[in-house]
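The block underneath contains the structure these notes are about, expressed in structure tokens.
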Amino acid sequence: MKQLINPLYKKIVVKVGTNVITTKKGELDLEILQQLTTQIAELQKQGIQIILVSSGAVGAGRSVVKLSGTIAPVAARQVLSSTGQIKLISSYNELFAKHGLITAQILVTKSDFSDRLHYLNMQTCFSSLLQQNIIPVVNENDAVSVTELMFTDNDELSGLIASMMDVEGYIILSHVDGLFDMKSGNGTIIPIIDPSTKHFHQYINPGKSEFGRGGMLTKCHIAQKLSRLGITVHIANGRTPGILLSLLEGEQTGTKFLPQKATHGPKRWIANSEGMEKGAVTVNMGAEMALVAGDRANSLLPVGIESVEGRFLKGDIIKVCATDGTIIGYGMAQYSSEKTVAIMGLQDQKPLIHYDYLYITT
Ligand SMILES: Nc1ncnc2c1ncn2[C@@H]1O[C@H](COP(=O)(O)OP(=O)(O)O)[C@@H](O)[C@H]1O
Ligand SMILES: N[C@@H](CCC(=O)OP(=O)(O)O)C(=O)O
């Protein structure tokens with residue numbers, strides 16, 4: 001066993017894409033699965049806590065079920081994922097057992113992250129599994145998550161878990177070596193991305209790989225979002241032997257997104273609440289400048305609110321927009337939309353969003 005002298009992180013989320021663990025024929029690649037589980041077992045035995053998010057249920061389902069007749073794409077995904085997930089998790093279970101490790105299966109949908117209490121329950125579940133030295137293996141609950149309940153892909157799902165579990169490192173294992181600089185024409189890997197980088201699409205070829213759902217652009221957006229919350233993100237090739245050990249040893253491989261100052265607690269949950277908002281408020285120029293400046297802990301006061309959209313209650317997530325419609329951030333309302341309408345524009349009122357519950361995106 002390779003002993004790491006000073007591992008970079010003590011707690012990580014590792015996300016494995018379909019194309020990493022699937023052969024060209026679309027079957028589970030047991031050799032790669034063995035390589036990855038052996039590395040995870042080694043890290044776990046050296047005291048590193050690991051949550052594994054693995055895609056591949058739909059892919060594995062293709063080797064289990066030969067779909068017959070005409071079937072709608074959504075139904076096909078439900079059939080393939082629900083059958084394939086058994087094969088996928090059994091493979092992990094067997095492989096981790098060879099190292100004396102217990103595997104837990106956790107299947108989630110997007111709505112699991114939208115309610116704060118539910119979110120905290122999930123957090124407790126993951127913490128308890130890690131405390132018992134069990135390896136959580138997570139996937140989207142594809143059989144029941146359709147349309148608006150779906151994550152963009154497992155990169156998004158893993159990002160939410162990385163943020164929820166306050167990990168130090170989030171490792172996205174893809175079937176490519178990292179983010180290539182397509183702009184320069186020579187296709188070299190971009191080793192470091194700092195949190196202020198924008199416009200990733202200049203580096204990226206549109207389109208997705210054969211079996212995956214995500215794509216490099218989603219990976220970069222999620223990586224950047226997490227790096228802004230204080231988590232270091234790596235995109236690296238999951239098929240490279242020993243990749244996890246190399247990364248944890250601090251070797252420069254793939255693309256690394258450098259972290260900004262960490263954000264914790266409810267602010268972090270709110271930072272990941274895009275799409276879960278119940279309403280929106282538009283703020284005037286003065287309020288926009290105060291909130292975006294970031295030099296002081298400013299809350300959103302009714303005096304700076306120009307209009308209210310949708311119906312929300314105390315505790316709901318709402319969107320904060322500038323007058324031109326740009327989203328400035330998200331926050332948790334301290335009172336209802338009805339009350340907001342009644343007091344907007346007035347001085348000396350309780351903040352609609354307290355600073356601790358306000359996340360500025362720009
Ligand atoms: N600049 C880029 N650097 C790396 N990969 C890129 C770039 N632009 C587009 N891609 C494509 O992104 C794909 C990797 O993303 P994805 O399909 O989500 O993979 P995975 O299933 O391994 O997670 C690759 O197929 C690659 O061709
Ligand atoms: N939940 C799906 C995978 C969805 C997904 O995001 O796939 P990928 O882009 O390969 O990470 C499955 O298990 O097949």
Side-chain angles (χ1 to χ4, degrees), residues 13-24 26-29 32-33 36 52-65 73-74 76-89 91-92 105-110 137-146 149-161 170-191 193 197 199-223 233-240 243 254-255:
V13 164
V14 176
K15 186 264 167 170
V16 185
T18 308
N19 293 294
V20 176
I21 56 165
T22 311
T23 62
K24 287 208 167 64
E27 287 168 357
L28 280 183
D29 189 334
I32 293 291
L33 282 180
L36 290 170
L52 175 62
V53 179
S54 178
S55 301
V58 174
R62 286 200 183 93
S63 63
V64 177
V65 182
V74 171
R77 188 171 147 261
Q78 290 174 314
V79 171
L80 294 175
S81 63
S82 52
T83 50
Q85 178 64 26
I86 297 178
K87 190 161 181 181
L88 182 67
I89 202 72
S91 307
Y92 279 119
Q105 172 182 251
I106 305 191
L107 300 177
V108 296
T109 64
K110 199 162 181 161
V137 180
V138 192
N139 196 357
E140 181 168 7
N141 193 344
D142 297 293
V144 297
S145 48
V146 280
L149 281 182
M150 271 170 85
F151 295 100
T152 313
D153 56 32
N154 270 350
D155 301 315
E156 185 193 13
L157 154 59
S158 321
L160 289 171
I161 292 173
Y170 167 32
I171 301 173
I172 303 179
L173 294 180
S174 177
H175 66 289
V176 291
D177 289 342
L179 176 64
F180 287 95
D181 186 355
M182 299 295 192
K183 195 179 55 167
S184 71
N186 56 8
T188 49
I189 286 279
I190 305 173
I193 301 270
T197 307
H199 312 304
F200 286 105
H201 46 264
Q202 63 181 312
Y203 303 119
I204 288 168
N205 273 347
K208 294 163 191 166
S209 47
E210 198 181 353
F211 297 115
R213 195 160 93 204
M216 196 44 80
L217 195 56
T218 337
K219 286 192 199 338
C220 289
H221 283 147
I222 286 155
V233 185
H234 299 261
I235 302 178
N237 195 328
R239 300 183 78 90
T240 304
I243 187 69
T255 302

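Both counts, for ligands and for their atoms, begin at 1 and track the order of listing. Residues: numbered from 1 along the sequence shown. Everything numeric here is computed off the predicted structure, so don't read it as measured data.
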Any idea which atoms of ligand 1 are less than 4.0 Å away from a heavy-atom of [X]?
X: F180; result: 1 (N), 2 (C), 3 (N), 4 (C)
X: H175; result: 14 (C), 19 (O), 20 (P), 22 (O), 24 (C), 25 (O)
X: S174; result: 14 (C), 19 (O), 20 (P), 22 (O), 23 (O)
X: L179; result: 1 (N), 2 (C), 3 (N)
X: K15; result: 23 (O)

Under 4.5 Å between any side-chain heavy atoms of [X] and [Y], yes or no?
X: L179; Y: K219; result: no
X: I21; Y: L88; result: yes
X: I89; Y: V137; result: yes
X: M216; Y: I235; result: yes
X: L36; Y: L52; result: no

Problem set entry | Residue-ligand contact S81/ligand 2, heavy atom below 4.0 Å |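 No heavy atom of S81 comes that close to ligand 2.
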Exercise. Ignoring hydrogens and geometry, is there a side-chain-to-backbone donor-acceptor pair from E140 to S145 under 3.5 Å?
Worked result: no
Exercise. Checking S158 side chain against V53 main chain: does a donor-acceptor pair fall under 3.5 Å?
Worked result: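 Side chain of S158 to backbone of V53, a donor-acceptor pair under 3.5 Å: no, none is there.
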Problem set entry | Closest to atom 12 (C) of ligand 2 among A57, G17, S145 (heavy-atom distance) |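 It is A57 that holds the nearest heavy atom.
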Seminar exercise, completed: Nearest heavy atom to atom 4 (C) of ligand 1, choosing from G59, G178, C220, G215, belongs to G178
Exercise. Do K87 and S63 have side-chain N/O donor and acceptor atoms under 3.5 Å apart?
Worked result: yes
Exercise. Distance only, no hydrogens: is a donor on one side chain within 3.5 Å (strictly under) of an acceptor on the other, for S55 and N154?
Worked result: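 Checked: S55/N154 side chains pair up, N/O donor to acceptor below 3.5 Å.
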Considering both backbone and side-chain atoms of [X], is one of its nitrogen or oxygen atoms within less than 3.5 Å of a nitrogen or oxygen in ligand 2?
X: K15; value: yes
X: S54; value: no
X: T18; value: yes
X: G56; value: yes
X: E140; value: no

Exercise. To the nearest 0.5 Å, how far apart are CD in E156 and OG1 in T218?
Worked result: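 Answer rounded to 0.5 Å: 9.0 Å.
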Indicate yes or no: does an N/O atom of [X] lie under 3.5 Å from an N/O atom of ligand 1?
X: V176; result: no
X: D181; result: no
X: D155; result: no

For this session: For ligand 2, note which part of N154 has a heavy atom under 4.0 Å away: side chain, backbone, both or neither.
Result: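 Both backbone and side chain.
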For this session: Write down the atom of L157, the atom of V108, and the distance for their closest heavy-atom approach.
Result: CD1-CG2, 3.3 Å
Exercise. Which ligand 2 atoms, with their elements, are less than 4.0 angstrom from a heavy-atom of D153?
Worked result: 6 (O)
